[in-house]
Number of protein chains: 2
Amino acid sequence: MPRASDKRERLIRSADHLILRQGFKQTTLSDIARDSGVPLGNVYYYFKTKDDIGHTVVRSRVAAMQALLDRYAIHEDPKRQLIEFLRFPLQIRDDLARNGCPLGTLAYELSRPDSQFREDSRELLQVVLDWSTTRFEAIDPDQGADLALQFVATLQGMSLVANALDDPQVVERLVERLRAWIESL
Amino acid sequence: MPRASDKRERLIRSADHLILRQGFKQTTLSDIARDSGVPLGNVYYYFKTKDDIGHTVVRSRVAAMQALLDRYAIHEDPKRQLIEFLRFPLQIRDDLARNGCPLGTLAYELSRPDSQFREDSRELLQVVLDWSTTRFEAIDPDQGADLALQFVATLQGMSLVANALDDPQVVERLVERLRAWIESL
DNA sequence: GTCTATATGTTGATAGAC
DNA sequence: GTCTATCAACATATAGAC
């Protein structure tokens, strides 16, 4: 059994990178081919259509975020898990200001009413919402769902505003407010 | 002096409508021409380029939001102004779930690093941020700027999440939380 | 000012040699 | 599996008659 080439993986990495910076619609197969070093015509050996690439990038981002979230499950205190998680957006605040949230930008672009990507859009946010809901419900069983909703909405709005204003300090200021808010619960 | 035709206005209205539902990049000049009833070739008599239409739609949305915000200035109490304003997203919650926020979706799509729309993107959010900052500073001069930032971020995140989950109830739940939050200040 | 016809470039996708 | 060449459709934009 021959070792599979790494071309498919390279294509996904390039697509993910380019879609983050340019959006899905704006990113052409030619862009992806050039960036990955795979000839244009060869892309279709690995992906049936461009939309197929889109779905794959969505699954890749959801899986990456799920893996990241799982890492914070080592702390016992749910408050601690949530606060530790806030270090992540803070770490990548320059990228968030430049390109927006990898989940939120794609979810917003793909959630058009007639789109075949509506389910993908939902999954991109659901992964964080589910994780947050579990933690907030451990803190306050009655309001858990609403608290998680506010948490995720604030994070997403934070990235959108930071990106629109091109200002990483927006992330700093709102992460600090979120931290104080969680500790006050 | 002949009465100007309404074609330019019709083009802007169609563009605004289509961009809200499909995004700017996805919306073609052919789409706009068909929807407005103006022949494709004639579009270029009113707008030099497609980007020109984009800029015009941005200015139109900013102006519309500014006009809306001015209407809430009739109340004396700044808390009251902010709470009354929350009736707006609640009223259009079905549209927000379907298409997202007219300011946020466009700001997020146009704020790419190399884009010539970066300033437009900033203005789309700044109009609400400035208005909110004035009100929150009247409530709490020290934290006014941060409170306004949290307010706008939550509103934007609310629309993004409602749109991704295709659920107007997200708007209902978060508007209620925002209302309670403002009253607690 | 208005419209038809069309130029020009780009994009997603395919054919077929190797 | 890999790559070159290319098609067919679509997009922005222009030319030029009326």
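Chain letters run A, B, ... following the sequence lines, proteins first, then strands; residues in each count from 1. Small disclaimer: the values here were computed from a predicted structure and weren't measured.
- Contact annotation: the side chain of W181(B) never approaches that of W181(A) to less than 4.5 Å [non-hydrogen atoms, C-beta and beyond].
- Applying a 4.0 Å cut-off to non-hydrogen atoms, none of the residues of residues 12-34 of chain A approaches DNA chain D.
- The cationic group of K25(A) does not satisfy the cation-pi geometry with F24(B), failing either the under 6.0 Å distance to the six-membered ring centre or the 45° limit from the ring axis.
- Atom NE2 of H17(A) has 12 or fewer neighbouring heavy atoms from other residues, nucleotides or ligands inside a 6.0 Å radius.
- Residues of residues 39-53 of chain B having a heavy atom closer than 4.0 Å to DNA chain C, listed by number: P39(B), G41(B), N42(B), Y45(B), Y46(B).
- With no hydrogens or angles considered, no side-chain donor-acceptor pair links Q150(B) and D146(B) at under 3.5 Å.
- Electrostatic pairing of R80(A) and E76(A) does not count as a salt bridge here, judged by no charged N lying under 4.0 Å from a carboxylate O.
- Remark: the D130(A) side chain and the T133(A) side chain contain no N/O donor-acceptor pair separated by less than 3.5 Å.
- The side-chain contact (heavy atoms from CB on, under 4.5 Å) test applied to D52(B) returns F47(B), K48(B), T49(B), T56(B), not counting sequence neighbours.
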